Protein chains: 2
Amino acid sequence: MESQDLKKAGLKSTLPRMRVLQLLENSEKRHMTAEEVYKALMECGEDVGLATVYRVLTQFEAAGLVNRHYFEGGLSVFELNQGHHHDHLLCVKCGKIFEFIDDTIESRQRQIAEKMGFAINDHCLYIYGVCQKQNCEHNQD
Amino acid sequence: MESQDLKKAGLKSTLPRMRVLQLLENSEKRHMTAEEVYKALMECGEDVGLATVYRVLTQFEAAGLVNRHYFEGGLSVFELNQGHHHDHLLCVKCGKIFEFIDDTIESRQRQIAEKMGFAINDHCLYIYGVCQKQNCEHNQD
DNA sequence: AGTTAAGATAATAAGCACTCTCAATAAGCC
DNA sequence: GGCTTATTGAGAGTGCTTATTATCTTAACT
């Protein structure tokens with residue numbers, strides 16, 4: 001029940017918020033831009049304004065329900081926060097996005113930050129490249 | 001002589017390009033936004049249009065003379081490419097930007113990409129946090 | 001050195017992603 | 001159900017970046 005999740009996050013349960021949350025939970029695409037969320041909702045016949053999509057996603061981010069990533073070229077995408085931090089590998093050719101986590105890298109980062117007297121808030125590692133999938137050309141994620 | 005550098009990069013040597021390149025080489029700030037480059041040139045009495053600054057920086061990036069980084073919040077900065085790759089540590093409080101390089105992380109990244117069948121183009125690691133400098137509040141870099 | 005064609009520039013307009021404003025609407029509480 | 005207040009939708013507005021275009025520079029060629 002999504003309305004419970006919203007309440008837990010300190011957000012009033014409203015129709016647009018439910019719709020966005022459901023979409024993020026059920027879409028095959030894990031990583032979506034605000035525009036994609038908006039279009040997907042329109043296609044489902046849900047009449048939610050673009051401004052609301054941005055507002056809701058920003059609120060979700062502040063509430064920790066979603067994470068936002070700023071990729072190269074100003075592209076920014078949202079993904080459901082499912083508790084486990086991870087980094088990203090992006091195919092610059094087909095747009096596919098893969099996730100990975102590496103404990104060695106994580107701990108090195110903590111060591112570096114400590115050595116430099118930094119209190120880490122957040123960190124992100126993006127690897128850009130070309131994937132070897134046969135369906136590379138036209139897929140999206 | 002900067003005009004040689006431009007020619008080597010396949011770019012015609014023009015006044016605005018020279019000015020931008022000189023600025024990046026001589027400024028204390030290693031990381032500058034397009035706006036900052038523009039303002040700095042204006043202050044030096046150099047009459048270069050903002051559109052030209054963007055165009056020149058984009059050309060420099062394509063030519064490998066500078067690197068561009070897209071930080072959180074849509075902030076994007078340019079830095080002179082001095083041959084050695086490095087990652088970034090950003091203070092979210094004072095805006096200071098530190099650079100670091102860690103061979104362990106670098107090689108782990110290559111391993112991960114290989115395992116996932118990726119040909120790496122580029123990668124970037126950003127650590128966001130709060131630095132412990134006494135002058136943290138108001139400095140900029 | 002002067003001429004000329006190719007390429008670069010400045011200014012402005014346009015594009016894009018995102019935010020603000022505000023009247024209309026919907027939630028949660030009684 | 002009615003009341004109070006937060007939320008929404010639509011469109012205008014903003015900020016950063018790119019395209020257009022008429023003008024100007026550069027570099028190669030006399």
Side-chain angles (χ1 to χ4, degrees), chain A residues 1-23 31-63 65-66 68-78 95, chain B residues 1-23 31-42 44-63 65-78 95:
Chain A
M1 194 53 173
E2 285 85 3
S3 70
Q4 302 309 314
D5 299 333
L6 288 174
K7 293 233 179 75
K8 255 186 276 175
L11 294 169
K12 209 186 261 190
S13 156
T14 67
L15 232 71
R17 285 177 187 159
M18 300 268 285
R19 294 283 173 271
V20 172
L21 191 52
Q22 285 169 354
L23 180 71
H31 305 87
M32 301 183 80
T33 65
E35 194 74 31
E36 284 171 343
V37 169
Y38 172 67
K39 281 187 185 150
L41 289 176
M42 294 295 273
E43 276 167 23
C44 297
E46 302 294 342
D47 197 12
V48 177
L50 179 57
T52 301
V53 170
Y54 276 105
R55 240 185 330 232
V56 168
L57 287 171
T58 304
Q59 291 162 345
F60 281 9
E61 190 193 6
L65 288 174
V66 305
R68 181 173 187 158
H69 296 284
Y70 298 89
F71 294 139
E72 275 185 7
L75 176 72
S76 83
V77 301
F78 297 85
Chain B
M1 192 55 176
E2 285 84 4
S3 71
Q4 302 310 314
D5 299 334
L6 288 173
K7 292 233 180 75
K8 255 186 274 173
L11 294 169
K12 207 187 260 190
S13 155
T14 69
L15 233 71
R17 285 178 188 161
M18 300 268 285
R19 294 284 173 270
V20 173
L21 191 52
Q22 284 169 354
L23 180 72
H31 304 87
M32 302 183 80
T33 64
E35 194 74 30
E36 284 170 344
V37 170
Y38 172 66
K39 281 186 185 151
L41 289 175
M42 295 294 272
C44 297
E46 302 294 342
D47 196 12
V48 177
L50 179 57
T52 302
V53 170
Y54 275 105
R55 195 154 10 85
V56 167
L57 287 172
T58 305
Q59 289 163 345
F60 282 8
E61 190 193 6
L65 288 174
V66 305
N67 292 120
R68 181 173 188 158
H69 296 284
Y70 298 88
F71 295 139
E72 274 185 10
L75 176 72
S76 81
V77 301
F78 297 85

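Predicted model only: the values in this text are computed from it and were never measured. First the proteins, then the strands, lettered A, B, ... as listed; each starts at 1.
- Map B/Thr58 and A/Arg17 each onto its nearest nucleotide of DNA chain D; the residue landing nearer the 5' end is A/Arg17.
- Rounded to whole angstrom, the span from the CG atom of A/Leu50 across to the P atom of D/dT8 amounts to 14 Å.
- Put simply, CZ on B/Arg19 and CG on B/Asp47 are 11.5 Å apart, with the number rounded to the nearest 0.5 Å.
- A heavy atom lying under 4.0 Å from DNA chain C marks none of the residues of residues 67-78 of chain B.
- For the atom pair A/Arg17 CZ and A/Asp5 CG, the distance stands at 13.5 Å (nearest 0.5 Å).
- Side-chain proximity of B/Tyr54 to D/dT26, D/dT17, D/dT8: nearest is D/dT17.
- If you take NZ on B/Lys8 and CG on B/Leu65, they are separated by 10.0 Å, rounding to the nearest 0.5 Å.
- Separating the CD atom in A/Glu43 from the CD atom in A/Glu36 is a distance of 10.5 Å, to the nearest 0.5 Å.
- What separates NZ of A/Lys7 from P of D/dT7 is a distance of 13 Å, to the nearest Å.
- Between A/Tyr38 atom OH and D/dG11 atom C1' the separation is 11 Å, expressed in whole Å.
- Contact check, B/Thr33 against D/dC16: no side-chain N or O comes under 4.0 Å of OP1 or OP2.
- An OP1 or OP2 oxygen of D/dT7 is reached within less than 4.0 angstrom by no side-chain nitrogen or oxygen of A/Thr52.
- Going from atom CG of A/Leu23 over to atom OH of A/Tyr38 covers 14.0 Å, rounded to the nearest 0.5 Å.
- For the atom pair CD (A/Glu46) and CD (A/Gln22), the distance works out to 8.0 Å, reported to the nearest 0.5 Å.
- As a whole-Å value, the separation of A/Leu57 CG from D/dT7 P is 15 Å.
- In this structure, B/Lys39 places its NZ atom 11 Å from P of D/dG15, rounding to the nearest Å.
- The two atoms that bring A/Leu6 and A/Ser13 nearest to each other are CD1-CA, 4.0 Å, heavy atoms only.
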Distances under 3.5 Å between nitrogen or oxygen atoms of protein and nucleotides 19-22 of chain D:
none

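- Minimum interatomic distance between B/Val48 and B/Pro16 (heavy atoms only, all atoms of both residues): CG1-CB, 4.2 Å.
- Residue contacts for A/Leu15: at a heavy-atom cut-off of 4.0 Å it reaches the sugar-phosphate backbone alone, with no base atom in range.
- Taking every heavy atom of both residues into account, B/Val20 and B/Leu57 meet most closely at CG1-CD2, 4.0 Å.
- In the 5' to 3' direction, nucleotides of DNA chain C lying under 4.0 Å from heavy atoms of chain A begin and end at C/dA17 to C/dG28.
- Going from atom CG of A/Leu41 over to atom C1' of D/dA10 covers 17 Å, rounded to whole Å.
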Evaluate A/Tyr70 against B/Leu75 for side chain to side chain contact (heavy atoms under 4.5 Å, CB included), listing each step before the verdict. CA-CA 10 Å; A/Tyr70 298 89; B/Leu75 176 72; over 6 Å; no

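- Here D/dG9 presents its P atom at 10 Å from CE of A/Met42, a figure rounded to the nearest Å.
- Judged by distance alone, the side chains of A/Thr52 and A/Arg55 do bring a donor and an acceptor atom under 3.5 Å apart.
- Residue A/Gln59 contributes atom CD, which lies 7 Å from atom P of D/dT7 at whole-angstrom precision.
- Between the side chain of A/Arg68 and the backbone N or O of A/Ser76 there is no donor-acceptor pair closer than 3.5 Å.
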